[in-house]
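To start, the structure under review is shown below, and the notes come after it.
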Amino acid sequence: HALKVLFGRPRPRVLFDNVPQEGFESPMRFAFAWSKYPLPRTSEGETTYLLAHSWEWWKGISSDLASYPSSHAMAAACAAACLAHLYPRLSPLVFVLAIIVAMCRVAFGAHFPSDVIFGSVTGFVVGALVMQRAGWRDAAHR
């Protein structure tokens, strides 16, 4: 969650389902925690812009600025790494399931591809490091 607040990347729906403010049309435009982002708000056919930091949840920004990295992809990859370490024969299944989760996040318009790639890689690395450090597989097979 801290990374989401730090980067403050708008979700695809903020950019593609609305009229972004001029200069903020690019998916590579991050808000970052120290700057405000103009979130489009359309009411009765008129678009206004709510200036908000990625951490100002009380302004009703919901998860508009929480696209990067994908928490769902990160959790799925972390779980896959842990399960693959504990049950190596299940590796193909758990990694395919993690990939499906990541692809669905993009297909449903919740994230950009780079969000799920970074989330997946981070989740896998963390899961693999924890399992390797903990030595759970070695202890379970004794």
Side-chain angles (χ1 to χ4, degrees), residues 1-43 45 47-142:
H1 188 71
L3 289 174
K4 287 178 176 286
V5 170
L6 176 66
F7 288 110
R9 186 178 199 182
R11 291 193 183 268
R13 68 174 179 259
V14 172
L15 296 177
F16 303 132
D17 295 349
N18 298 291
V19 180
Q21 189 173 38
E22 190 174 322
F24 289 85
E25 303 94 346
S26 171
M28 296 309 295
R29 186 72 186 251
F30 292 60
F32 297 108
W34 54 85
S35 61
K36 291 187 175 188
Y37 192 92
L39 294 168
R41 299 293 189 248
T42 304
S43 178
T47 301
T48 59
Y49 299 94
L50 169 68
L51 288 174
H53 290 98
S54 56
W55 42 267
E56 292 181 303
W57 51 268
W58 58 87
K59 284 189 172 181
I61 67 169
S62 181
S63 64
D64 288 349
L65 294 175
S67 187
Y68 186 85
S70 170
S71 299
H72 287 87
M74 192 180 303
C78 186
C82 293
L83 289 170
H85 189 83
L86 291 171
Y87 308 103
R89 290 178 28 195
L90 289 179
S91 294
L93 174 64
V94 297
F95 285 119
V96 165
L97 291 173
I99 290 168
I100 289 171
V101 168
M103 290 173 51
C104 285
R105 299 304 291 165
V106 174
F108 295 150
H111 292 284
F112 294 102
S114 58
D115 301 339
V116 297
I117 291 169
F118 183 79
S120 296
V121 169
T122 303
F124 176 77
V125 168
V126 168
L129 288 174
V130 166
M131 295 306 290
Q132 188 176 40
R133 176 110 172 122
W136 286 353
R137 182 169 179 235
D138 298 333
H141 290 109
R142 286 185 191 163

Give a yes or no on whether the backbone of V130 and the side-chain of Q132 come within a donor-acceptor separation of less than 3.5 Å. no
Is it true that atom CH2 of W57 has more than 12 heavy atoms of other residues, nucleotides or ligands lying nearer than 6.0 Å? no
Examine the side chains of S114 and R9 and answer whether a donor and an acceptor come within less than 3.5 Å of each other. yes
Indicate the atoms forming the closest heavy-atom contact of V14 with P40, along with that distance. O-CG, 3.6 Å
Answer with yes or no whether the side chains of S63 and R11 bring together a donor and an acceptor at under 3.5 Å. yes
Heavy-atom nearest pair, R13 first then D64, reads NH2-OD1, 3.2 Å
Is it the case that the side chain of T122 and the backbone of G119 share a donor-acceptor pair, with hydrogens and angles ignored and the cut-off at 3.5 Å? no
Of all the heavy-atom pairs spanning P88 and P92, show the shortest one and how long it is. O-CD, 4.3 Å
Rounded distance [0.5 Å steps], CG in L6 versus OG in S54: 7.5 Å
First locate atom OG of S71, then atom NE2 of H111, and finally report the distance between them rounded to the nearest 0.5 Å. 6.5 Å
Closest non-hydrogen atom pair, I61 against E56: CG1-O, 3.7 Å
Got a donor-acceptor contact below 3.5 angstrom from the K4 side chain to the P69 backbone? yes
From D115 atom CG to S67 atom OG, the distance as rounded to the nearest 0.5 Å: 3.5 Å
If you take all heavy atoms of S120 and A102, which pair is closest and at what distance? OG-CB, 3.9 Å
Rounding to 0.5 Å, atoms OG1 (T48) and CG (L39) come to a distance of 10.5 Å
Which value, rounded to the nearest 0.5 Å, describes the distance between Q21 atom CD and Y37 atom OH? 9.0 Å
What pair of heavy atoms forms the shortest contact from A81 to A128, and how long is it? CB-N, 3.8 Å
Do the side chains of T42 and N18 get nearer than 4.5 Å, heavy atoms only? yes
Non-neighbouring partners of F124 that pass ring pair (Phe, Tyr, Trp, His ring centres under 6.0 Å), sequence neighbours left out: F95
Which of parallel (below 30°), tilted (30 to 60°) and perpendicular (above 60°) describes Y68 and F7? perpendicular
Measure up the H53 and W55 rings against each other and bin them: parallel (under 30°), tilted (30 to 60°), perpendicular (over 60°). parallel
The criterion is ring pair (Phe, Tyr, Trp, His ring centres under 6.0 Å); which residues satisfy it with H72, sequence neighbours excluded? none
Roughly how far, to the nearest 0.5 Å, is OG of S26 from CG of L15? 8.0 Å
